[in-house]
Enquirer: 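One structure follows; several queries about it will come next.
Just so you know, these numbers come straight off a predicted model, no measurement behind them. Residue numbering restarts at 1 for every chain, and letters A, B, ... go by the order of the sequence lines.
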Amino acid sequence: MTERLDAHRTDAPTLSAQYQPGDVEQRRYEQWVAAGYFRASTDSEKPPFTIVIPPPNVTGSLHMGHAFEHTLMDALTRRKRMQGYEALWLPGMDHAGIATQNVVERQLAAEGLSRHDLGRERFVERVWQWKAESGGRILGQMRRLGDSVDWDRERFTMDEGLSRAVQTIFKKLFDDGLIYRAERIINWCPRCLTALSDIEVEHTDDDGELVSIRYSDDVVVATTRAETMLGDTAVAVHPDDERYKHLIGTEVELPLTGRRIPIVGDEHVDPSFGTGMVKVTPAHDPNDFEIGQRHDLPSLTIMDERGVITAHGPFQGLDRFEARPAIVAALREQGRIVAEKRPYVHAVGHCSRCRTTVEPRLSLQWFINTSPLAKAAGDAVRDGRVRIEPADMAKRYFAWVDNMHDWCISRQLWWGHRIPVWYGPDGEVVCVGPDEQPPTGDGWHQDEDVLDTWFSSGLWPFSTLGWPEQTADLAKFYPTSVLVTGYDILFFWVARMMMFGLYAMDGRPPFDVIALHGMVRDQFGKKMSKTFGNVVDPLDWIDRFGADATRFTLARGANPGQDVPVSEEWCQGSRNFCNKLWNATRFALMNGAHCTGPVPAGAQLSTVDRWILSRLASTVAEVNELFEAYEFAKVCDVLYHFAWDDVCDWYVELSKPVLAGGGEQAEVSRRVLGHVLDQLLRLLHPVIPFVTEELWTALTGQDTVLTAAWPTVAGEQADTAAEAEIATLQTVVTEIRRFRSDQGLRPAQRVAARLDGLTGAGIAAHKPLIRSLVRLDEAGDDFQASATLAVAGAVSVALDTRGSIDVAAERARLTKDRAAAEKEAAQARAKLDNPAFLGKAPEPVVAKIRERLATAEADLARITAALEALPS
RNA sequence: GGGCGCGUAGCUCAGUGGGAGAGCACUCGCCUUACAAGCGAGGGGUCGCAGGUUCGAAACCUGCCGCGCCCA
């Protein structure tokens with residue numbers, strides 16, 4: 001294009017033939033940060049939009065699930081920023097108590113040390129060192145992804161401010177009587193040596209054994225945990241069980257121990273399970289504990305914190321899993337094993353951090369009475385103050401908050417927020433607030449335990465904004481706009497933030513919307529796991545295909561609440577899409593497309609221009625609607641097809657002859673093409689920020705697309721006339737191409753043709769365009785039609801293929817078309833012949849079917865005629 | 001055992017009452033002056049099974065089969 005008649009920008013950059021993300025991403029990210037685009041201000045008049053990041057574990061690294069979640073949050077944030085909101089995406093990490101302590105203890109073990117060798121203080125210092133190292137990695141990964149987070153506001157759950165928030169709310173809950181200390185059965189990990197909450201326990205169906213033990217002639221109990229019999233303090237039967245009713249109140253001698261234990265009647269015994277008699281071990285089973293409470297039974301702890309038997313006798317010192325067969329063997333020797341089922345599959349709880357089998361253990365711990373908090377958390381969703389997306393997921397949420405157990409919050413760890421309670425020499429218990437001095441003097445000491453990590457994570461939406469101080473951030477950015485997180489931590493985290501947010505912030509919930517997404521899976525729908533070897537590192541994809549391609553792949557799979565399968569092939573496809581945009585813009589720039597001055601309107605526009613502007617308007621409307629509904633996959637789909645099909649395959653192709661022709665119409669096209677790409681790149685920027693920034697700045701000559709206004713449509717802008725006209729044009733072009741392809745005509749081969757009926761179809765003006773797109777020459781004097789195509793209504797195309805027509809291919813093609821038309825006609829006729837259909841179906845539907853029949857019959861007539869005209 | 005969800009093209013998924021769709025994969029033809037990371041054309045599905053509701057069902061109801069997740 002040597003003659004650029006109206007080159008507004010002589011400095012228009014030239015682009016390479018392929019997009020190279022590596023040349024762009026780091027440079028752009030640094031520019032963005034330096035320019036302060038990600039920084040949110042409390043001084044602005046703009047309405048706030050806030051997202052707090054689900055804090056990744058400081059000790060981990062970002063996996064594909066994070067990349068996915070971050071893509072969604074970044075897309076939301078970038079769009080709102082463009083829409084003129086004061087957009088804050090607040091980054092940070094959590095301290096991950098057990099996980100982090102485990103990592104550092106392993107490091108110490110490699111040096112032959114334990115944490116006890118260092119002592120608490122030096123150990124915690126050591127963890128902080130590790131935090132600096134490990135946390136840095138995550139921050140680097142976020143930069144690679146392109147996260148538009150406000151780095152100035154980065155937070156960590158162990159920061160001073162956040163720790164103050166923890167202490168403040170602990171004190172408040174304590175004073176309100178919602179925190180208490182009690183001896184209960186809790187989940188205990190004998191390897192991590194700490195209590196766990198219910199949801200940190202994962203149940204799996206494991207092979208075990210079910211042995212039936214005869215305690216006496218009358219008493220036989222079945223158990224999967226024979227070793228716990230050493231701690232039995234009763235046998236229970238259902239009070240209405242006729243078989244055993246008479247035994248209630250009597251005693252039986254517990255084998256191997258010689259202790260006598262009572263037989264009690266308890267409603268919770270299932271008479272149909274096993275013999276209908278159960279052993280009761282209050283110190284090692286939550287159900288048994290409750291039975292014990294009801295019947296005032298003693299609780300005998302028979303294991304130490306590592307799961308080693310402490311009960312006196314021959315089993316003392318055995319691990320719980322060694323003790324089990326030993327005890328069964330001893331009982332068998334006495335002839336007391338009356339039945340054994342092995343393997344017996346049953347649910348076994350495992351520590352979610354280290355997979356060790358959890359031991360229910362009686363111990364003194366701190367709890368939160370969740371009932372009033374959970375009630376409020378449920379109500380906030382029930383009454384619509386907080387919306388869960390997709391709405392179906394609210395059922396899961398209610399199922400949890402409406403049946404919440406008290407939450408065990410103490411952990412026997414060193415890494416975490418230490419419980420702010422001091423014990424005095426005379427049994428005093430004092431909870432100390434953040435500005436209070438702990439009691440000093442002989443005999444006073446602080447509780448040794450720390451709080452569950454989720455306790456501090458639960459404060460995240462407001463502790464990160466400065467609470468308990470009444471900061472400007474808190475005033476501006478709370479409540480947060482939307483929480484983006486996986487349905488898998490609805491219970492762990494979301495419910496807790498809801499409880500704490502409502503409690504601490506005077507009944508104001510922490511977010512307006514909870515947008516839940518699924519889990520990233522591989523291309524076969526399998527969970528990514530190390531054992532499967534199907535784990536993909538997002539950085540690997542970013543290196544090979546670019547951050548944009550990685551993000552587009554993830555966003556494109558993001559149907560609300562659904563799992564997201566990804567594969568390298570799809571990421572390649574996303575890279576190709578980025579490259580397509582690159583080349584479309586490259587073409588535009590090479591042809592003088594620009595964004596200067598008003599977009600031409602009305603009579604200045606060709607039908608093709610009106611058509612693409614109409615398509616653009618509906619794309620903008622659709623994308624906005626879909627974004628509001630968190631339909632990321634559909635946003636991507638709509639934009640992908642608009643960009644590739646409408647813009648690249650049709651608009652650019654239809655515009656080529658116009659641009660080449662020069663003159664007034666070419667200038668209009670350049671401006672329209674510039675405008676369409678400008679808007680398209682804005683629409684795509686939230687999902688693929690790097691390539692859009694690079695292209696948009698090249699196209700417009702402006703600094704950044706980050707703060708460019710987000711596209712909107714005012715009113716109805718669909719141009720139905722232009723859309724119908726171009727649709728006809730597309731049909732004609734496609735039909736001719738199909739003929740050429742079926743006939744084996746080379747794309748480059750020019751064919752003489754006569755086009756008839758274009759006027760009737762309303763596309764007469766496009767005759768030269770059609771000829772150029774499908775390489776048809778004007779019919780000359782020696783024109784001899786060797787084939788005639790009937791396409792799209794009255795349009796017919798007579799082609800002179802110089803006698804080289806492939807009759808068999810043409811017959812096959814027409815026969816196929818005829819069959820399709822016949823089927824279509826038959827279906828429509830069947831409906832119209834049905835009086836019930838005519839009587840009951842709504843009029844527009846009937847009219848549509850009538851039209852369909854008319855079209856099919858007309859097609860059929862033309863096709864049949866063409867078939868008959870074929871030489872035999 | 002209780003609850004929730006899913007079953008649509010080879011793969012992964014959209015489609016919630018009115019002509020079965022997308023991406024990738026596949027077949028054929030093309031280096032066409034933006035792009036071979038591309039262009040053009042095409043093939044491919046008794047919508048898990050069986051009943052029912054309806055003028056009309058992939059969609060709504062019932063049952064069954066298979067798979068997954070959560071909880072106990």
Enquirer: Send over the distance from A:Lys831 NZ to B:rC55 C1', rounded to a whole Å.
Expert: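 One finds 9 Å between C1' of B:rC55 and NZ of A:Lys831, rounded.
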
Enquirer: Using atom CG of A:Asp392 as one end and atom P of B:rC70 as the other, report the distance to the nearest whole Å.
Expert: 18 Å

Enquirer: Short of 4.0 Å, heavy atom to strand atom, which residues of residues 551-568 of chain A count as contacting RNA chain B?
Expert: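 Contacting residues: A:Arg556, A:Asn559, A:Gln562, A:Pro565.
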
Enquirer: Does A:Pro835 reach a base, just sugar-phosphate, or nothing at all? Heavy atoms under 4.0 Å.
Expert: nothing

Enquirer: Base, sugar-phosphate, or nothing for A:Thr734, non-hydrogen atoms under 4.0 angstrom?
Expert: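 Sugar-phosphate contact only.
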
Enquirer: Under 6.0 Å between ring centres, would you say that holds for A:His517 and A:Tyr487?
Expert: no

Enquirer: Now, which nucleotide makes the Watson-Crick or G-U wobble pair with B:rA59, with each of the two distances under 3.5 Å?
Expert: none

Enquirer: Tell me the interatomic distance from A:Tyr19, atom OH, to B:rA34, atom C1', rounded to whole angstroms.
Expert: 17 Å

Enquirer: Going by distance alone, is a donor N or O of one side chain under 3.5 Å from an acceptor N or O of the other, for A:Asp678 and A:Trp696?
Expert: yes

Enquirer: With rounding to whole Å, what would you report as the distance between B:rG21 and B:rG44 at their P atoms?
Expert: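 Taking atom P in both B:rG21 and B:rG44, they lie 13 Å apart.
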
Enquirer: Please pick, from B:rA34, B:rC35, B:rA41, the nucleotide with the shortest atom-to-atom distance to any side-chain atom of A:Asn579.
Expert: B:rC35

Enquirer: Mind checking A:Phe524 for me? I need base, sugar-phosphate or nothing, with any heavy atom below 4.0 Å counting as a touch.
Expert: sugar-phosphate

Enquirer: Picking from B:rC55, B:rG18, B:rA72, which would you name as closest to the side chain of A:Val845?
Expert: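 Nearest nucleotide to the side chain: B:rG18.
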
Enquirer: Give none if B:rC30 has no partner; otherwise give the nucleotide forming a Watson-Crick or G-U wobble pair with it, both distances under 3.5 Å.
Expert: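 B:rC30 is paired with B:rG38.
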
Enquirer: Let's test your reading of the model: under 3.5 Å, does the base of B:rG19 pair with the side chain of A:Glu824 as donor and acceptor?
Expert: yes

Enquirer: Any side-chain N or O of A:Arg852 under 4.0 Å from OP1/OP2 of B:rG19?
Expert: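 True: A:Arg852 side-chain N/O within range (under 4.0 Å) of B:rG19 OP1/OP2.
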
Enquirer: Any donor-acceptor pair under 3.5 Å joining the side chain of A:Lys656 to the base of B:rA34?
Expert: yes

Enquirer: Is A:Ala399 touching bases, backbone alone, or none of the nucleic acid, heavy atoms closer than 4.0 Å?
Expert: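 No contact at all - A:Ala399 keeps every heavy atom at 4.0 Å or more from the nucleic acid.
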
Enquirer: Need one value for A:Cys648: base, sugar-phosphate or nothing, where a base atom within 4.0 Å counts as base even if backbone is also close, heavy atoms only.
Expert: base

Enquirer: If you pin A:Asn583 and A:Asp522 to their nearest nucleotides in RNA chain B, which one's is more 5'?
Expert: A:Asp522

Enquirer: Taking C-beta and beyond as the side chain, do A:Val566 and A:Met528 meet within less than 4.5 Å on heavy atoms?
Expert: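 A side-chain contact exists here, since the closest heavy-atom pair is under 4.5 Å.
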
Enquirer: With a 3.5 Å cut-off and no angle check, do the side chains of A:Arg775 and A:Ser772 form a donor-acceptor pair?
Expert: no

Enquirer: Report yes if some heavy atom in the side chain of A:Ile185 is under 4.5 Å from a heavy atom in the side chain of A:Asp285; otherwise report no.
Expert: no

Enquirer: Fit a plane to each ring of A:Phe577 and A:Tyr640, take the angle between them on a 0 to 90° scale, and name the class: parallel (under 30°), tilted (30 to 60°) or perpendicular (over 60°).
Expert: tilted

Enquirer: Pick the closest RNA chain B nucleotide for A:Val647 and for A:Asn834 by heavy atoms, then say which residue is nearer the 5' end.
Expert: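 Closest to the 5' end, via its nearest nucleotide, is A:Val647.
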
Enquirer: Using purine N1 to pyrimidine N3 plus N6-O4 or O6-N4 for Watson-Crick, or N1-O2 and O6-N3 for G-U wobble, each under 3.5 Å, what pairs with B:rU46?
Expert: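 B:rU46 is unpaired by these criteria.
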
Enquirer: Does the A:Asp548 side chain pair with the main chain of A:Val691, one donor and one acceptor, at a distance under 3.5 Å?
Expert: yes

Enquirer: Answer with base, sugar-phosphate or nothing: what part of the nucleic acid does A:Glu653 contact at a heavy-atom distance below 4.0 Å?
Expert: base

Enquirer: With rounding to whole Å, what would you report as the distance between B:rC61 and B:rC4 at their P atoms?
Expert: 13 Å

Enquirer: Using the side-chain heavy atoms of A:Gln827, tell me which of these nucleotides is nearest: B:rC69, B:rC39, B:rG19.
Expert: B:rG19

Enquirer: Within the pair A:Trp644 and B:rC39, is there a side-chain N or O less than 4.0 Å away from OP1 or OP2?
Expert: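 Affirmative; the distance criterion is met.
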
Enquirer: For a quick check of understanding: with a heavy-atom distance under 4.0 Å over all strands, which category does A:Ala584 fall into, base, sugar-phosphate or nothing?
Expert: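 Result for A:Ala584 = base.
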
Enquirer: If B:rG21 has a Watson-Crick or G-U wobble mate with both distances under 3.5 Å, name it; if not, just say none.
Expert: B:rC13

Enquirer: Expressed in whole Å, how much space separates the P atoms belonging to B:rC26 and B:rC64?
Expert: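 Approximately 42 Å lies between the P atom of B:rC26 and that of B:rC64.
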
Enquirer: Roughly how many Å is it from NZ in A:Lys816 to C1' in B:rG43, rounded to a whole number?
Expert: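 Distance check: A:Lys816 NZ to B:rG43 C1' gives 8 Å.
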
Enquirer: Measure CG/A:Asn576 against C1'/B:rA36 and give the value in whole Å, please.
Expert: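 Going from A:Asn576 (CG) to B:rA36 (C1'), I get 10 Å.
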
Enquirer: Between B:rG66 and B:rA37, how far apart are the two C1' atoms, rounded to whole Å?
Expert: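 Here B:rG66 and B:rA37 have their C1' atoms 40 Å from each other.
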
Enquirer: Below 4.0 angstrom from OP1 or OP2 of B:rC24, is there any side-chain N or O of A:Tyr640?
Expert: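 It does, given that an N or O in the side chain of A:Tyr640 lies less than 4.0 Å from OP1 or OP2 of B:rC24.
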
Enquirer: Yes or no on side-chain contact (heavy atoms from CB on, under 4.5 Å) for A:Cys595 and A:Leu699, after CA distance, side-chain angles and deciding distance?
Expert: CA-CA 7 Å; A:Cys595 299; A:Leu699 180 72; 3.9 Å; yes

Enquirer: Between B:rG68 and B:rU27, how far is it from one P atom to the other, in whole Å?
Expert: 33 Å

Enquirer: Decide yes or no, distance alone: a donor-acceptor N/O pair under 3.5 angstrom between the base of B:rG40 and the side-chain of A:Arg737.
Expert: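 Result: no qualifying N/O pair found.
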
Enquirer: Which part of the nucleic acid, if any, lies within contact of A:Lys580, taking any heavy atom under 4.0 Å across all strands shown: a base, the sugar-phosphate backbone alone, or nothing?
Expert: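 A:Lys580: base contact, heavy atoms under 4.0 Å.
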
Enquirer: For B:rA9 and B:rU46, measure between their C1' atoms and round to the nearest Å.
Expert: 14 Å

Enquirer: For B:rG21 and A:His641 - does any side-chain N or O of the residue sit under 4.0 Å from the phosphate oxygens OP1/OP2?
Expert: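 No, because none of the side-chain N or O atoms of A:His641 sits under 4.0 Å from OP1 or OP2 of B:rG21.
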
Enquirer: Between B:rA50 and B:rG7, how far apart are the C1' atoms? Round to whole Å, please.
Expert: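 Rounded to whole Å, the distance is 16 Å.
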
Enquirer: Taking the side chain of A:Phe587 as heavy atoms from C-beta outward, which of B:rC55, B:rA34, B:rA72 is closest to it?
Expert: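 Per side-chain heavy atoms of A:Phe587, the pick is B:rA34.
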
Enquirer: Enumerate, atom names and distances included, each donor-acceptor pair closer than 3.5 Å involving a side-chain atom of residues 821-846 of chain A, sequence neighbours excluded.
Expert:
from, atom 1, to, atom 2, distance (Å)
A:Arg829, NH2, A:Glu857, OE2, 3.0
A:Asn834, OD1, A:Ala836, N, 3.0

Enquirer: Taking the minimum atom-to-atom distance to the side chain of A:Lys634, which one of B:rG15, B:rA22, B:rC39 wins?
Expert: B:rG15

Enquirer: Whole-Å distance between B:rC28 P and A:Arg738 CZ?
Expert: 19 Å

Enquirer: If the test is salt bridge (charged side-chain N to carboxylate O under 4.0 Å, His left out), which one of A:Lys527, A:Lys526, A:Arg521 qualifies with A:Asp563?
Expert: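 With A:Asp563 as partner, A:Lys527, A:Lys526, A:Arg521 yield a single salt bridge (charged side-chain N to carboxylate O under 4.0 Å, His left out), made by A:Arg521.
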
Enquirer: Expressed as a whole number of Å, how far does the C1' atom of B:rU62 sit from that of B:rA25?
Expert: 39 Å

Enquirer: Is the shortest heavy-atom distance from the side chain of A:His594 to the side chain of A:Arg670 under 4.5 Å?
Expert: yes

Enquirer: Please state how far atom CG in A:Leu832 lies from atom C1' in B:rG18, giving the value in whole angstrom units.
Expert: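 From A:Leu832 CG to B:rG18 C1': 12 Å.
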
Enquirer: For the pair made of NE2 in A:His268 and P in B:rA72, what is the distance, rounded to whole Å?
Expert: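 It is 15 Å, rounded to the nearest whole Å.
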
Enquirer: When you measure from the side-chain N and O atoms of A:Lys526 to the phosphate of B:rG68, is any distance below 4.0 Å, counting only OP1 and OP2?
Expert: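 No.
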
Enquirer: So, OP1 or OP2 of B:rC30: does either fall under 4.0 Å of a side-chain N or O from A:Arg746?
Expert: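 Checking B:rC30 against A:Arg746, a side-chain N or O does come within under 4.0 Å of OP1 or OP2.
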
Enquirer: Between the base of B:rA37 and the side chain of A:Gln18, is there a donor-acceptor distance below 3.5 Å?
Expert: yes

Enquirer: Hey, does the side-chain of A:Arg575 have a donor or acceptor N/O within less than 3.5 Å of a partner on the base of B:rA37?
Expert: yes

